[in-house]
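One structure is given here, and the rest of the page talks about it.
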Amino acid sequence: MKAKATLKQIAKELGVSVSTVSKALNDSPEISEQTKVKIKEYAKLKNYKPNVIGLNLKNRKTKTIGVIIPNILNSFFAKVFSGIEKVADKKGYNVITCISNESLEKEVHTLEMLSNGTIDGFILSVSQEAQKLQDYNHFSEIINDGTPIVMFDRIADEVDCDKVVVDDYDSAINSTQHLINLGCKNIALISSVDNISVGKLRTEGYLKALKDNNIPINEKIILRTDSEEDMKAKIEGIFDHKIDGIFALDENDSVAALRVSLKKGYRVPEDISIIGFADGILASRRLSPSLTTVSQHGVEIGEVAAKRLIERLEEPEGTVSEYETIVIKTKLKERESTRKV
């Protein structure tokens, strides 16, 4: 039995857009007769059969949103998803959720699988591998084919689409400044997310705060890694040097910073103050002492992203609004891991 071709495959092989193929197969007056005949004959040759889900034409909507998150174990992404689902349910949309597991290949496959008429638009956070390789062509192709994308948290500046982010850079400046205001002079940085956009922005904010306060940058107490495993293997080396504060850039980094501090005999917060870029249950309730954290407002990010996508999906035909980058302000939640001013 011959394999059935897809709209995307036909479009690629004929050098036209998916929209052109779709319109030709549906006898749209926008397409010339010569092009229609060419596309129809080729589709027949390739055993193309339209699926029952539909061709996702402008007059046919699935009322379904595709959500792609990089990591199911991260509490931040769970909060974002709950915000997306809350808005989608209220607006009458269904949600299909997929996990990229930080893989570029899986991210590409998921986008291709769902964009062939299954969903109306995507809400996603870019995989670690895509950011590391700076490979974003798959997003642009989906958008050019008429499927809108809203990126959140980890975004690609090179891709023109709507984005919802937190103020990572300013938050890092403010968090580091808070440690300085507490009297910390030797503030370590711990990062397992150095190869993704949010990690880089947070590191830049930390360095800016040190510079603004005329504190020399000590590379010996700056740990920048690309993975949790690498961070855990190297973190104890930080404590071979004099430190009185730690700024951790991810939930796993925050937990490791606290645990190793206690293991090394530091009293928290008497000897060392710790701020983590995370606000999950683990940080706030299950650790002792509880962690002072930067709250990213995950639920609000999800709600804003879903509202923006649905607004775009429900725009009147012929209306194309400008892309927006919406910034959600973070909040420092003080708990037991920092000294009081």
Is it true that a side-chain atom of Thr147 and a backbone atom of Gly121 form a donor plus acceptor pair closer than 3.5 Å?
no
Trace of the side-chain contact (heavy atoms from CB on, under 4.5 Å) decision for Leu133 with Leu104
CA-CA 9 Å; Leu133 297 174; Leu104 171 60; 3.9 Å; yes
Could you tell me which residues satisfy ring pair (Phe, Tyr, Trp, His ring centres under 6.0 Å) with Phe81, sequence neighbours excluded, listed by chain and number?
none
I'd like to know if the side chain of Thr203 reaches the main chain of Gly199, judged simply by a donor and an acceptor atom lying under 3.5 Å from each other, with no hydrogens or angles considered.
yes
Is Val126 linked to Ile328 within one hydrophobic cluster, defined over Ile, Leu, Val, Met, Phe, Trp and Tyr using a side-chain heavy-atom separation of less than 4.5 Å?
no
Just checking Glu105: does its CD atom have more than 12 heavy atoms from other residues, nucleotides or ligands closer to it than 6.0 angstrom?
no
Please find the pair of heavy atoms, one from Asn71 and one from Glu102, that lie closest to each other, and give the distance.
CB-OE2, 4.3 Å
Is there a side-chain contact (heavy atoms from CB on, under 4.5 Å) between Lys185 and Ile215 once you walk through the steps?
CA-CA 7 Å; Lys185 292 182 172 58; Ile215 296 175; 5.6 Å; no
Checking Glu13 against Lys46 for the side-chain contact (heavy atoms from CB on, under 4.5 Å) test, could you report, in this order, the C-alpha distance in whole Å, the side-chain angles of both residues, the deciding distance, and whether it holds?
CA-CA 11 Å; Glu13 291 175 21; Lys46 291 294 182 178; 3.6 Å; yes
Hey, does Val327 have a side-chain heavy atom less than 4.5 Å from the side chain of Val166?
no
Which atoms form the tightest heavy-atom contact between Leu313 and Pro148, and what is the distance?
CD2-CG, 3.5 Å
Does atom NZ (Lys242) have a neighbourhood of more than 12 heavy atoms from anything else shown, all under 6.0 Å?
no
In terms of the angle between their ring planes, are Phe277 and Phe247 parallel, tilted or perpendicular, with boundaries placed at 30° and 60°?
tilted
Side chain to side chain donor-acceptor pair (under 3.5 Å) between Gln134 and Tyr136, intermediate numbers included
CA-CA 6 Å; Gln134 297 284 290; Tyr136 307 126; 3.2 Å; yes
Would you please test Glu141 and Lys8 for salt bridge (charged side-chain N to carboxylate O under 4.0 Å, His left out) and show each step?
CA-CA 10 Å; Glu141 287 175 3; Lys8 181 167 277 189; 5.3 Å; no
Would a single hydrophobic cluster contain both Val299 and Val150, if residues Ile, Leu, Val, Met, Phe, Trp and Tyr are joined by side-chain heavy-atom contacts under 4.5 Å?
no
Pair Ser103-Ser100, side chain to side chain donor-acceptor pair (under 3.5 Å): steps then yes or no:
CA-CA 5 Å; Ser103 162; Ser100 70; over 6 Å; no
Can you check whether Leu207 reaches Ile222 side chain to side chain, under 4.5 Å on heavy atoms?
yes
So which atom in Ala305 and which in Val164 form the shortest heavy-atom distance, rounded to 0.1 Å?
CA-CG2, 3.8 Å
So for atom CD1, which belongs to Ile72, do other residues, nucleotides or ligands contribute more than 12 heavy atoms lying within a distance under 6.0 Å?
no
Please report the interatomic distance CG(Asn144) to OG(Ser17), rounded to the nearest 0.5 Å.
9.5 Å
Quick check: are there more than 12 heavy atoms from other residues, nucleotides or ligands sitting under 6.0 Å from NE2 of His109?
no
Take Gln131 and Asn195 through the test side chain to side chain donor-acceptor pair (under 3.5 Å) and record every step on the way to the result.
CA-CA 7 Å; Gln131 289 207 317; Asn195 59 337; over 6 Å; no
Would you say the side-chain atoms of Asp89 pair up with the backbone N or O of Glu85, donor to acceptor, closer than 3.5 Å?
no
Looking at CD1 of Ile217 and NZ of Lys211, how far apart are the two atoms once the value is rounded to the nearest 0.5 Å?
8.5 Å
Is a side-chain N or O of Asp250 found less than 3.5 angstrom from the main chain of Ser192, in a donor-acceptor match?
no
Shortest non-hydrogen contact between Ser273 and Cys184, atoms and distance:
CB-SG, 4.2 Å
Answer with yes or no whether the hydrophobic clustering places Val165 together with Ile149; edges join I, L, V, M, F, W, Y residues whose side-chain heavy atoms lie under 4.5 Å apart.
yes
Is the closest basic N to carboxylate O distance between Glu311 and Lys307 below 4.0 Å?
no
From Tyr42 OH over to Gln9 CD, what is the distance, rounded to the nearest 0.5 angstrom?
9.0 Å
What about Phe239 and Tyr266, are their ring centers closer than 6.0 Å?
yes
Side-chain heavy atoms of Val80 within contact of Asp153, under 4.5 Å
no
Side-chain ion pair, Glu303 and Lys86, N-O less than 4.0 Å
yes
Would Ile246 and Ile275 satisfy side-chain contact (heavy atoms from CB on, under 4.5 Å), going step by step from the backbone distance to the final call?
CA-CA 6 Å; Ile246 298 176; Ile275 294 177; over 6 Å; no
Nearest non-hydrogen partners of Val294 and Ser175, listed with the distance
CG2-OG, 3.2 Å
For the residue pair Ser127 and Arg154, what are the closest heavy atoms and their distance?
C-NH1, 3.8 Å
Indicate yes or no for a side-chain donor-acceptor contact from Thr118 to the backbone of Ser115 under 3.5 Å, with no hydrogens or angles considered.
no
For residues Ile274 and Leu291, determine if any side-chain heavy atom of one lies less than 4.5 Å from a side-chain heavy atom of the other.
yes
In sequence, state the C-alpha distance, the side-chain angles, and the governing distance for Asp194 and Lys200, and then conclude on salt bridge (charged side-chain N to carboxylate O under 4.0 Å, His left out).
CA-CA 6 Å; Asp194 197 51; Lys200 288 182 171 65; 5.7 Å; no
If we only count heavy atoms from C-beta on, is the Leu332 to Asn174 side-chain gap below 4.5 Å?
no
Any salt bridge between Lys40 and Asp27, counting N to O under 4.0 Å?
yes
Salt bridge check: are Glu236 and Lys263 linked by an N-O gap of less than 4.0 Å?
yes
Side chains of Thr64 and Tyr93, heavy atoms from C-beta outward: is any pair under 4.5 Å?
no
Begin with the C-alpha distance, continue with both residues' side-chain angles, and end with the deciding distance and a verdict on side chain to side chain donor-acceptor pair (under 3.5 Å) for Thr35 and Ser32.
CA-CA 5 Å; Thr35 302; Ser32 70; 2.8 Å; yes
Do NZ/NE/NH1/NH2 and the carboxylate oxygens of Lys36 and Glu33 come within less than 4.0 Å?
yes
Rounded at 0.5 Å granularity, tell me how far CG in Asp170 sits from NZ in Lys208.
9.5 Å
State whether the side chain of Lys264 and the backbone N or O of Asp240 hold a donor-acceptor pair below 3.5 Å, judged by distance alone.
no
Same hydrophobic cluster for Ile272 and Ile238, using side-chain heavy-atom links shorter than 4.5 Å among ILVMFWY?
yes
Lys/Arg cation over aromatic Tyr169: Arg202, 6.0 Å, 45° cone:
no
Value for CG (Leu249) from CG (Asp168), rounded to nearest 0.5 Å, stands at 9.5 Å
Non-hydrogen side-chain atoms of Ile221 and Leu189 separated by less than 4.5 Å:
no
Is there a path of hydrophobic side-chain contacts, each under 4.5 Å between heavy atoms of I/L/V/M/F/W/Y residues, joining Val304 to Ile301?
yes
Check whether any side-chain heavy atom of Cys161 lies under 4.5 Å from a side-chain heavy atom of Phe139, and answer yes or no.
no
Below 4.0 angstrom, N of the basic side chain to O of the carboxylate: do Arg339 and Glu270 qualify?
no
